[in-house]
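Sequence lines set the chain letters: A, B, ... in the order given, protein chains first and strands last, and positions in each chain run from 1.
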Amino acid sequence: MIKITFPDGQVREYQNGVTPMDVALSISEGLARNVLSAKVNGQVVDASIAILEDASLQLLTWNDDDGKKTYWHSSAHLMAEAIEALYPGTKFGIGPAIEHGFYYDIDLNGQEFGSDQFKEIEDKMIELAKAKSEYVRKDVSKKDAIAYFQEKGDEYKLELLDGLADGSITFYTQGNFTDLCKGPHIPQTGLIKSVKLLSVAGAYWRGDETRKQMTRIYAITFPKAKELEEYLYLLEEAKKRDHRKLGKELELFAFSEKVGMGLPLWLPKGTLLRERLENFLRRAQIRAGYSPVVTPHIASKQLYVTSGHYAKYGKDSFQPIRTPEEDEEFFLKPMNCPHHCEIYKTKPRSYKDLPLRLAEFGTVYRYEQHGELHGLTRVRGFTQDDAHIFCRPDQVEGEFMKVIDLVLYVFKALGFTEYSAQISLRDQENREKYIGDDEDWDKAEASIIKSAQEKGLPTVIEYGEAAFYGPKLDFMVKDALGRKWQLGTIQVDYQLPQRFELEYTGSDNSKHRPVMIHRAPFGSLERFVAILIENTGGNFPLWLSPDQLAVLPISEKYEDYANELFLRLQEEDLRGYVDHRDEKIGRKIRDAEVHKVPFMIIVGEKEQAEGLVSVRKKGHGDLGSMTLEAFMALAQEEIHQLTFNSHK
RNA sequence: GCCUUUGUAGCUCAGUGGUAGAGCACUUCCUUGGUAAGGAAGAGGUCGGCAGUUCAAUCCUGCUCAAAGGCUCCA
């Protein structure tokens with residue numbers, strides 16, 4: 001008998017050689033039907049594998065990420081089977097599961113292929129799935145494996161075999177398709193109910209541009225038809241919410257070939273939105289003890305030589321700007337931190353002055369590769385909501401927690417209720433990659449972990465992902481469509497204070513080196529606005545909406561009344577416009593709705609006579625008539641709530 | 001950066017080896033209206049840029065610029 005430990009800590013005894021599937025059956029038949037694979041001692045394996053010693057066991061189903069991964073990987077094999085049946089002679093590269101679905105790289109030997117063929121492959125996959133073929137694992141010798149793929153003429157698999165050691169090679173067969181694969185796989189093809197081929201793209205064999213370009217087919221599968229429908233709905237919704245599309249439609253920002261790629265132009269409405277965000281954060285930061293500063297857009301080369309950025313990024317950055325007479329070199333600033341270090345140095349600092357928190361909405365310029373540019377999320381000129389906290393080593397933990405509080409406050413105010421954090425630490429094996437002494441690192445890493453724990457942040461720890469100058473914590477948020485975005489970051493830095501020889505006088509009257517914390521809740525305003533657009537679908541909360549209201553006179557007879565009302569609204573700091581066009585009220589309403597204006601104030605004969613306004617809310621319709629004061633109170637309340645509804 | 005695809009009016013798009021069209025937006029006129037598109041007329045394009053083939057290029061070829069998707073997720 002062997003002892004099996006379950007994730008909840010429960011221990012049960014089973015016969016030696018029991019399979020995860022047996023265990024599932026011993027619990028319930030329903031569970032057994034849903035088991036896709038299993039995690040035995042932390043390793044994902046087939047549910048049919050025999051367990052030969054005491055082990056921890058987690059049965060994986062569709063609800064587990066690793067279960068989904070197994071499912072999609074098996075689906076890739078099913079797709080390969082379908083393709084081989086329909087296009088004999090096709091050679092196969094690799095076919096892994098990805099975050100949403102899977103792909104297979106194939107070489108069709110010159111056969112024509114495009115998205116027109118998706119349907120027949122989908123149909124074939126369903127047909128093959130209905131056969132409920134088992135995925136059968138088989139150990140093969142390298143010799144036999146080579147013989148198999150030689151006969152098939154698949155040079156890709158032969159190349160993969162080349163890199164594998166004899167004795168560790170396994171084949172998986174389902175139906176008529178056999179593939180070189182280390183697994184694991186789901187029990188049988190019948191679990192795959194719903195199939196959709198998504199796109200076809202070129203991809204180099206082994207990601208090497210000098211090698212043959214293969215055809216990559218992206219697809220996704222689900223155990224229930226309804227889940228596929230939901231997924232396709234999300235894809236469509238994502239397309240509708242694309243910030244590049246909405247940015248144009250709502251006149252928020254634009255790009256111009258003449259200005260240059262990756263250099264966004266903020267239009268009046270986008271600027272309004274952006275300024276609201278800036279002011280919101282500025283106020284929050286002042287409350288949190290930050291001091292706003294402003295630094296120039298260019299700086300002498302010497303600054304970046306000192307900071308070390310010149311050595312590291314000099315080549316990848318934009319070329320220097322030279323003064324005509326003296327031939328001095330200046331650079332567009334790629335980050336704000338060196339400037340802030342120089343601000344720190346403007347006078348001697350005492351331990352009593354710390355922490356010093358310098359904040360700047362600093363516009364920076366970085367060279368990004370041509371192919372990496374994307375809307376507002378990846379640009380060459382952007383504004384960071386940057387700040388640097390200079391503190392004593394004993395203050396790091398407390399400051400870190402304060403920053404987490406600020407970031408979470410910002411997320412909440414902007415409607416991001418689901419978030420998580422990634423803590424990036426040193427690569428334990430290669431400590432020499434990092435600068436600074438071990439003691440500082442240990443302290444900083446421990447502080448970050450402790451702060452995150454204390455704040456109850458759901459975190460993932462990644463080793464080897466730290467910056468070379470210190471560990472960091474990155475925030476991720478989930479948007480209304482369940483997509484993950486990386487947002488703000490907090491980083492601990494021991495390097496810059498050293499490079500800039502920053503000091504403070506301690507209580508012992510000797511010189512000490514401060515620690516620097518870099519942090520940016522939004523990361524970049526550009527990227528954040530893009531995420532905000534996609535999260536809200538352009539339906540911004542009232543306090544951020546570029547136009548908060550539109551005053552719509554029924555006819556030009558009521559224009560004076562409309563103008564008078566609008567003036568009073570403006571005095572209350574409400575923004576918007578009066579629609580003076582010679583159009584019917586239905587048209588004015590439609591246009592305001594299309595432009596996602598939150599409130600419409602409709603005035604005609606009745607309203608003027610009674611001294612009232614008729615209020616209509618976007619997406620909700622007529623709210624009836626009320627006094628202007630009542631409307632303003634309504635609007636102000638919604639603004640001050642700072643809460644957020646992203647629907648509609 | 002590399003691969004694939006795309007580039008026609010402000011926007012969304014149709015179209016052809018013989019120098020271009022629709023809808024919306026815009027301008028003017030009519031209409032003065034009650035909760036998601038009132039009517040008419042007009043104006044608007046070096047068909048991304050440069051070069052080549054041709055009697056003739058928006059269309060074919062090459063280069064270039066920009067955008068979209070993909071690659072840098074290794075059975």
Side-chain angles (χ1 to χ4, degrees), chain A residues 69 73 76-77 80 92-105 114-115 145 149 154 156-164 168-172 178-185 198-218 239 242 244-245 248-249 251 254-263 316 367-375 550 552-559 581-597 600-607 614-625:
Chain A
K69 227 174 154 184
H73 183 201
H77 280 231
F92 296 89
I94 57 165
I98 50 177
E99 199 185 345
H100 297 288
F102 56 92
Y103 66 79
Y104 217 121
D105 283 346
S115 48
F149 283 109
D154 191 331
Y156 303 102
K157 294 294 179 186
L158 287 168
E159 189 180 321
L160 293 172
L161 272 168
D162 216 29
L164 296 177
S168 69
I169 294 168
T170 50
F171 277 8
Y172 275 83
T178 296
D179 203 354
L180 168 70
C181 182
K182 72 177 172 198
H185 282 284
L198 297 170
S199 62
V200 54
Y204 300 108
W205 171 232
R206 305 201 118 179
D208 182 343
E209 67 190 66
T210 62
R211 313 230 21 206
K212 179 153 178 157
Q213 183 151 44
M214 305 184 74
T215 304
R216 174 168 297 180
I217 304 175
Y218 285 91
K239 229 184 244 176
D242 189 318
R244 293 167 299 184
K245 181 171 133 69
K248 194 183 268 182
E249 283 172 8
E251 298 179 10
F255 289 92
S256 145
E257 281 190 28
K258 260 205 184 104
V259 172
M261 58 173 149
L263 298 169
D316 301 327
Y367 173 74
E368 298 284 355
Q369 282 191 88
H370 184 256
E372 303 290 353
L373 298 171
H374 181 89
L552 312 180
I554 297 283
S555 83
E556 67 188 19
K557 286 188 214 154
Y558 314 106
E559 278 206 359
R581 292 175 306 163
D582 181 13
E583 293 290 351
K584 290 192 183 176
I585 193 65
R587 177 53 178 276
K588 293 181 182 179
I589 288 169
R590 185 190 136 80
D591 288 344
E593 289 272 352
V594 167
H595 290 105
K596 303 183 193 287
V597 180
M600 283 153 264
I601 307 293
I602 296 162
V603 289
E605 189 179 356
K606 202 176 72 188
E607 287 76 11
S614 202
V615 179
R616 194 188 150 98
K617 191 169 183 175
K618 174 192 59 177
H620 290 79
D622 197 354
L623 298 186
S625 51

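- Within the nucleic acid shown, A/E605 comes within 4.0 Å of at least one base atom, counting heavy atoms only.
- Residues A/R244 and A/H374 meet the side-chain proximity criterion, which asks for heavy atoms closer than 4.5 Å.
- Nucleotide B/rA9 forms no Watson-Crick or G-U wobble pair with any nucleotide shown, as no partner meets the under 3.5 Å limit on both distances.
- Residue-level contact check: A/E249 touches neither bases nor backbone, having no heavy atom under 4.0 Å from any strand.
- The side chain of A/Y204 approaches B/rC2 more closely than any other nucleotide in the set B/rC74, B/rC2, B/rC71.
- When distances are taken from the side chain of A/K157 to each of B/rA75, B/rG38, B/rG34, the shortest belongs to B/rA75.
- Here the side chains of A/F255 and A/L373 are not in contact, with every heavy-atom distance at 4.5 Å or above.
- Between the NZ atom of A/K584 and the P atom of B/rA36 there is a distance of 13 Å, rounded to whole Å.
- No contact: A/L161 has no heavy atom under 4.0 Å from any strand.
- Of all nucleotides listed (B/rG33, B/rA75, B/rU35), B/rU35 comes nearest to the side chain of A/S614.
- Counting any heavy atom pair closer than 4.0 Å across all strands shown, A/G586 reaches sugar-phosphate atoms only and no base atom.
- Of all the heavy atoms in A/D105 and A/R216, the pair that sits closest is OD1-NE, 2.6 Å.
- For A/R616, counting side-chain heavy atoms from C-beta on, the closest listed nucleotide (B/rA36, B/rC65, B/rC71) is B/rA36.
- In the set B/rU35, B/rC74, B/rU12, the nucleotide with an atom closest to the side chain of A/K248 is B/rU12.
- Pairing of B/rC71, defined by two Watson-Crick or G-U wobble distances under 3.5 Å, is identified with B/rG1.
- A heavy-atom distance below 4.5 Å is not found between the side chains of A/C181 and A/F171.
- Note: CG (A/D622) to C1' (B/rA36) measures 13 Å, nearest angstrom.
- Rounded to whole angstrom, the span from the OH atom of A/Y103 across to the P atom of B/rA75 amounts to 9 Å.
- Nucleic acid contact class of A/S256 (heavy atoms, under 4.0 Å, all strands): none.
- For B/rA41, the paired nucleotide is B/rU27, the pair qualifying as Watson-Crick or G-U wobble because both relevant distances are below 3.5 Å.
- The distance between atom CD1 of A/I601 and atom C1' of B/rG34, rounded to the nearest whole Å, is 15 Å.
- Taking a 6.0 Å sphere around NZ of A/K596, one finds it holds more than 12 heavy atoms contributed by other residues, nucleotides or ligands.
- Taking only side-chain atoms of A/E257, from C-beta outward, the nucleotide of B/rG7, B/rC2, B/rA68 with the closest atom is B/rG7.
- The base of B/rA36 is paired with the side chain of A/E593 by a donor and an acceptor separated by under 3.5 Å.
- Residues A/L160 and A/G93 share a closest heavy-atom pair of CD1-O, 4.0 Å.
- Interface remark: the A/D582 side chain does form a donor-acceptor pair with the B/rG33 base, using a distance-only criterion of under 3.5 Å.
- Rounded to the nearest Å, the gap between the P atom of B/rU32 and that of B/rA67 is 50 Å.
- Distance A/Y172 OH to B/rA75 C1': 11 Å, rounded to the nearest Å.
- Nucleotides B/rU64 and B/rG38 are separated by 50 Å at their P atoms, to the nearest Å.
- Pairing for B/rA14 is absent, with no Watson-Crick or G-U wobble pair whose two atom distances lie under 3.5 Å.
- Atom pair A/D162:CG and B/rC74:C1' shows a separation of 14 Å (rounding to whole Å applied).
- Rounded to whole Å, the separation between the C1' atoms of B/rU4 and B/rA43 comes to 40 Å.
- Pairing partner, B/rU19: none, since no Watson-Crick or wobble contact has both distances short of 3.5 Å.
- Spacing between B/rG42 and B/rC3 at atom P, rounded to whole Å, works out to 49 Å.
- Base contact: A/E607 has a heavy atom under 4.0 Å from a base atom.
- Whole-Å rounding puts the A/L623 CG to B/rU35 P distance at 15 Å.
- Counting only heavy atoms from C-beta on, A/L180 has its side chain closest to B/rA75 among B/rA75, B/rA67, B/rG33.
- Scanning both residues, A/F102 and A/A97, for their nearest heavy atoms gives CB-CA, 3.9 Å.
- Comparing B/rA22 with B/rG49, their C1' atoms are spaced 27 Å from each other, to the whole Å.
- Nucleotides B/rC47 and B/rG15 have their C1' atoms positioned 11 Å apart, rounded to a whole Å.
- For the pair A/V615 and A/Q369, nearest-nucleotide mapping onto RNA chain B gives the more 5' position to A/Q369.
- Using a 4.0 Å cut-off, some side-chain N or O of A/H374 falls inside it from OP1 or OP2 of B/rG69.
- Backbone-only contact: A/Y218 has heavy atoms under 4.0 Å from sugar-phosphate atoms and none from a base.
- Comparing B/rU72, B/rG69, B/rG34 by their closest approach to the side chain of A/R216 singles out B/rU72.
- For A/E583, whose side chain is taken as the heavy atoms from C-beta onward, the closest listed nucleotide among B/rC3, B/rG38, B/rA75 is B/rG38.
- Nucleotides B/rG34 and B/rA40 are separated by 25 Å at their C1' atoms, to the nearest Å.
- Annotation for A/G95 and A/H73: closest pair O-CD2, 3.2 Å, computed over non-hydrogen atoms.
- Considering only side-chain N and O atoms, A/K557 lies under 4.0 angstrom from the phosphate OP1 or OP2 of B/rG33.
- Side-chain contact between A/D154 and A/L180: absent, with no pair of heavy atoms (C-beta onward) separated by less than 4.5 Å.
- Figure legend. B/rG52 is base-paired to B/rC60; pairs are counted as Watson-Crick or G-U wobble with both atom distances under 3.5 Å.
- With respect to A/K557 and A/E605, no salt bridge is recorded, no charged nitrogen being found less than 4.0 Å from a carboxylate O.
- Phosphate proximity of B/rA68 to A/R244: present, with a side-chain N or O under 4.0 Å from OP1 or OP2.
- Contact annotation for A/I585: backbone-only contact, meaning every heavy-atom pair under 4.0 Å involves sugar-phosphate atoms and none involves a base.
- The same atom, C1', is picked in B/rU28 and in B/rC65; the two are 39 Å apart, to the nearest Å.
- Across all strands, A/L160 comes closer than 4.0 Å only to sugar-phosphate atoms, never to a base (heavy-atom distances).
- Searching all strands for a Watson-Crick or G-U wobble partner of B/rG34 with both distances below 3.5 Å returns nothing.
- Summarising the geometry, the separation between CD on A/E372 and C1' on B/rA68 is reported as 14 Å, rounded to the nearest angstrom.
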